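Have a look at the structure below before the remarks.
Ligands are counted one by one from 1 in listed order, and the atoms in each one are counted from 1 as well. All values derive from a computational prediction rather than experimental measurement.
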Amino acid sequence: MAENETPAGKTARESASTLSESMMPDQLNHHGNVFGGEILALVDKCGGVVARRHARSPVVTVAVDRVEFRQPIYASDFVEAHGRLTHVGRTSMEVMVTVEAEQIETGRRRCTNICYLTYVALDKLNGKPAAVPPLILETDEDRRLHAAAERRRERRIADEDGE
Ligand SMILES: CC(C)(COP(=O)(O)OP(=O)(O)OC[C@H]1O[C@@H](n2cnc3c(N)ncnc32)[C@H](O)[C@@H]1OP(=O)(O)O)[C@@H](O)C(=O)NCCC(=O)NCCS
């Protein structure tokens, strides 16, 4: 695509992705539960796949919002990260990643984390931020998540201006 060409829009459905992992003993903390850093890595990998699928170019993580671990993930849990786009700017993409832990024996699933990550697409040749396809909002859920992302973006810009 030429540098000034506007890419065609794409929906969140087209790039939504799931990454799953069965945790191993070397991924546990001193309490025998899954180490938080392992979950963060899974979340970032999942978000990165979503962003790359949308941009079809390399991306870097530019921001990770506040992350809370409200429930432990146990050693025997099967962990899934589900990522989907909530907002697309000119070169940036915000991805919502939801983490679910499934107790394999019972099939009981718990949502353990939701977080928002922002990626920037890079031009393959010069490594500079590159324009990405606009986001087509298809559903009410798309529109609700997009409006919330707009509010986060406005708050961030206001915080930066206040510094
Ligand atoms: C990502 C990077 C190339 C952006 O460079 P930059 O000079 O800040 O570029 P810009 O100011 O043009 O910003 C690019 C986009 O990022 C967005 N952005 C920048 N900082 C941001 C932040 N803290 N949170 C959310 N979005 C941010 C801008 O709003 C802009 O979005 P838009 O084009 O959709 O409007 C540069 O910050 C970088 O290389 N960071 C390191 C990335 C990295 O190593 N990540 C970890 C490993 S993957």
Fill in the blank from the handout: Result for side-chain contact (heavy atoms from CB on, under 4.5 Å) between Val50 and one of Leu117, Val95, Val59 points to Val95
Handout entry: Residues in ring pair (Phe, Tyr, Trp, His ring centres under 6.0 Å) contact with His146, at least two apart in sequence or another chain
Key = His87
Handout entry: Residue list, side-chain contact (heavy atoms from CB on, under 4.5 Å) with Ala16, at least two apart or on another chain
Key = Arg84
Could you tell me, for ligand 1, which of its N or O atoms are under 3.5 Å from any protein N or O, listing the pairs and their distances rounded to 0.1 Å?
| unit_1 | atom_1 | unit_2 | atom_2 | d |
| --- | --- | --- | --- | --- |
| ligand 1 | 24 (N) | Arg156 | NE | 3.3 |
| ligand 1 | 26 (N) | Arg156 | NH2 | 3.3 |
| ligand 1 | 29 (O) | Arg156 | NH2 | 3.3 |
| ligand 1 | 31 (O) | Ser92 | OG | 3.2 |
| ligand 1 | 33 (O) | Thr91 | N | 2.9 |
| ligand 1 | 33 (O) | Thr91 | OG1 | 2.6 |
| ligand 1 | 34 (O) | Arg90 | N | 2.8 |
| ligand 1 | 34 (O) | Thr91 | N | 3.1 |
| ligand 1 | 34 (O) | Ser92 | N | 3.0 |
| ligand 1 | 34 (O) | Ser92 | OG | 2.7 |
| ligand 1 | 35 (O) | Arg153 | NH2 | 3.1 |
| ligand 1 | 45 (N) | Thr61 | O | 2.8 |

Handout entry: Closest contact, heavy atoms only, Ser57 versus Ala121
Key = OG-CB, 3.6 Å
List, one per line, each side-chain donor-acceptor pair under 3.5 Å for residues 41-48, sequence neighbours excluded.
| unit_1 | atom_1 | unit_2 | atom_2 | d |
| --- | --- | --- | --- | --- |
| Asp44 | OD1 | Thr61 | OG1 | 3.0 |
| Asp44 | OD1 | Tyr119 | OH | 2.8 |
| Asp44 | OD2 | Thr61 | OG1 | 3.4 |

Handout entry: Minimum heavy-atom distance between Ser15 and Leu85, given as atom pair plus value
Key = OG-CD1, 3.5 Å
